[in-house]
Amino acid sequence: MKNSKFAYIVATSFFLSLTLFSCGDKEAQKTENPAKGPSIHTLIFIDKTASVDVQKPFVAQKYQQALTSIIEQNFRKAGDTFQIYYIHENTSKARTLSLVCRTEMEDTEGVNATDLEAIKTSYDLSIRKERNFVTQQSLNRLKAQNDNASNLETNITASIPVIAKLSESPGDIRVYYLSDMVESVKSGRDFQIHPPKDDAEAEAWATTDAAKLKNYQLSGPEISMILPFEPTSSSKENNPTVTHYWQKLFESLGVMSVTEM
């Protein structure tokens, strides 16, 4: 947000970088062997509560593009994992998709040009098939409607133990929230009724809440909040103090990289 005091990465930069990866740098994808890098573990939380309408054209387009780009960038080799959870009243129990990549590029060191081309072609065909499957399954989860009573509460805090558990895995942990980040639970914060009045209060609340979550240290993950708001949204709709709260909470739990899009 323009009024935020933190150096968030804006949405345009996010999608530009992913577009450059997935579209403008195809040759680099074909020549680099992903087997040499660490595994990437992708965790996506999709808001399935009444305050986020994924049927709205802007939201649908933004989130579909985000999912497609994330899969293109993060799902590259055998051992990469991809999970989706729903955000609602029972977030910690709402895993709806869990997949593991099986495609592996053979070692290309020292092979002749003919064999190298065959290896690349085989890899490209296999990984494209897997990515297409993951993308379709993800879009199905995005479009699914939640008409149950669970859509009346938005328990984002319950995602933190899920992230902490995944962080025990070796490799790169990348977490994405497709949500307005408006916590709304009966037994905790309710930003719909009582959001922080300013950055100072947001920081104070984050410090208090982080103390309750001190057993979950999140030093490894990269966290991205992909918000459903148009650039022309007012501060009343896209409240900067709410995302400031999450920025400070994640920082207090040890997260080094938090971006807002």
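Please read these numbers as outputs of a predicted model, since none were measured by experiment. We count residues from 1, following the sequence as given.
- Considering every non-hydrogen atom in both Val255 and Pro221, the closest pair reads CG1-O, 3.7 Å.
- Hydrophobic clustering, with ILVMFWY side chains joined whenever heavy atoms are under 4.5 angstrom apart, keeps Met105 apart from Val100.
- To the nearest 0.5 Å, atom OG of residue Ser122 and atom CD of residue Glu117 are 11.5 Å apart.
- Both Phe133 and Ile84 are assigned to one and the same hydrophobic cluster, defined by single-linkage of ILVMFWY side chains at heavy-atom distances under 4.5 Å.
- A donor-acceptor pair is defined here as one N or O able to donate and one able to accept, closer than 3.5 Å; such a pair exists between the side chain of Glu201 and the backbone of Lys197.
- Thr121 places no side-chain N or O within 3.5 Å of a backbone atom of Ala118 that could act as its donor or acceptor partner.
- Side-chain contact between Ile163 and Tyr85 is absent, with no heavy-atom pair separated by less than 4.5 Å.
- A chain of hydrophobic side-chain contacts below 4.5 Å, direct or via other Ile, Leu, Val, Met, Phe, Trp or Tyr residues, connects Tyr177 to Phe229.
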Subject >> Residue pair Val54, Gln145: steps toward the side-chain contact (heavy atoms from CB on, under 4.5 Å) verdict >> reply: CA-CA 9 Å; Val54 297; Gln145 296 293 302; 4.2 Å; yes
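- Between Ser235 and Pro240, some side-chain heavy-atom pair lies under the 4.5 Å cut-off.
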**OP:** Kindly determine whether Leu139 and Tyr63 satisfy side-chain contact (heavy atoms from CB on, under 4.5 Å), including the steps that lead there.
**Re:** CA-CA 9 Å; Leu139 294 179; Tyr63 281 175; over 6 Å; no
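- Summarising the geometry, atom CH2 belonging to Trp205 is positioned 13.0 Å from atom CG belonging to Leu249; distances are rounded to the nearest 0.5 Å.
- No path of Ile, Leu, Val, Met, Phe, Trp and Tyr side chains, each step under 4.5 Å between heavy atoms, connects Ile46 with Val185, placing them in separate hydrophobic clusters.
- For the pair Arg131 and Tyr123, the tightest heavy-atom approach, listed with the atom from each and the gap, is NH2-OH, 4.4 Å.
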**OP:** Give the C-alpha distance, both sets of side-chain angles, the deciding distance and a yes or no for side-chain contact (heavy atoms from CB on, under 4.5 Å) between Trp246 and Ile223.
**Re:** CA-CA 10 Å; Trp246 292 108; Ile223 294 181; over 6 Å; no
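- The shortest side-chain heavy-atom distance between Glu104 and Arg76 does not fall under the 4.5 Å cut-off.
- In this structure, CG on Asp53 lies 11.5 Å from CG on Asp180, to the nearest 0.5 angstrom.
- Looking only at side-chain heavy atoms (C-beta outward), Leu67 and Leu178 come within less than 4.5 Å of each other.
- Note on ring orientation: taking the six-membered ring where Trp is involved, the planes of Phe191 and Tyr245 are perpendicular (angle over 60°, cut-offs 30° and 60°).
- Summarising the local packing, CD of Gln61 is surrounded by 12 or fewer heavy atoms from other residues, nucleotides or ligands at distances under 6.0 Å.
- Residues Glu106 and Lys120 are not paired through a salt bridge, judged by the lack of any N-O separation under 4.0 Å between the basic side chain and the carboxylate.
- No side-chain heavy atom of Ile193 sits less than 4.5 Å from a side-chain heavy atom of Ser184.
- Separating the CG atom in Asn215 from the CG atom in Leu253 is a distance of 10.5 Å, to the nearest 0.5 Å.
- In this structure, Phe75 and Thr42 have side chains that are not in contact, with every pair of non-hydrogen atoms separated by 4.5 Å or more.
- Annotation for Ile70 and Phe82: closest pair CG2-CE1, 4.5 Å, computed over non-hydrogen atoms.
- At a cut-off of 3.5 Å, with distance as the only test, no side-chain donor of Asn132 or Gln136 sits close to an acceptor on the other residue.
- Side-chain atoms of Lys48 come within 3.5 Å of backbone N or O of Leu142 as a donor-acceptor pair.
- Each of His88, Glu89, Glu183, Lys186 was compared with Asn155 under the side chain to side chain contact (heavy atoms under 4.5 Å, CB included) criterion, and only Glu183 meets it.
- Taking a cutoff of 4.0 Å between a charged side-chain nitrogen and a carboxylate oxygen, Glu251 and Lys248 qualify as a salt bridge.
- Cluster annotation: Ile40 is not connected to Ile127 through the hydrophobic network of ILVMFWY side chains, with a link wherever side-chain heavy atoms come within less than 4.5 Å.
- Without hydrogens or angle criteria, Tyr86 side chain to Arg141 main chain gives a donor-acceptor distance under 3.5 Å.
- Side chains of Asp47 and Ser51: no donor on one and acceptor on the other come within 3.5 Å.
- No donor-acceptor pair closer than 3.5 Å links the side chain of Ser69 to the backbone N or O of Ala66.
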Original post:
Where do Ile71 and Thr135 land on the side-chain contact (heavy atoms from CB on, under 4.5 Å) test, with the steps shown first?
Top reply: CA-CA 7 Å; Ile71 293 164; Thr135 300; 3.5 Å; yes
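- Checked by atom type, the side-chain pair Thr241/Asn239 shows a donor-acceptor distance below 3.5 Å.
- Not one N or O on the side chain of Gln137 forms a donor-acceptor pair closer than 3.5 Å with the backbone of Leu97.
- Residues Phe250 and Val175 form no side-chain contact, since every pair of their non-hydrogen atoms from C-beta on lies 4.5 Å or further apart.
- Residues Ser98 and Gln83 share a closest heavy-atom pair of OG-CG, 3.8 Å.
- Note that OG1 of Thr259 and CD of Glu222 are 8.5 Å apart. Values are rounded to the nearest 0.5 Å.
- Between Ser39 and Asp80 the shortest heavy-atom distance is CA-OD1, 3.3 Å.
- Taken from CD in Glu260 to CE in Met181, the straight-line distance is 9.5 Å, to the nearest 0.5 Å.
- For the pair Asn90 and Ser150, the minimum side-chain heavy-atom distance is 4.5 Å or more.
- Looking at Lys62, its side chain never comes within 3.5 Å of a backbone N or O of Glu230 through a donor-acceptor pair.
- For the pair Ile156 and Ser159, the tightest heavy-atom approach, listed with the atom from each and the gap, is O-OG, 2.6 Å.
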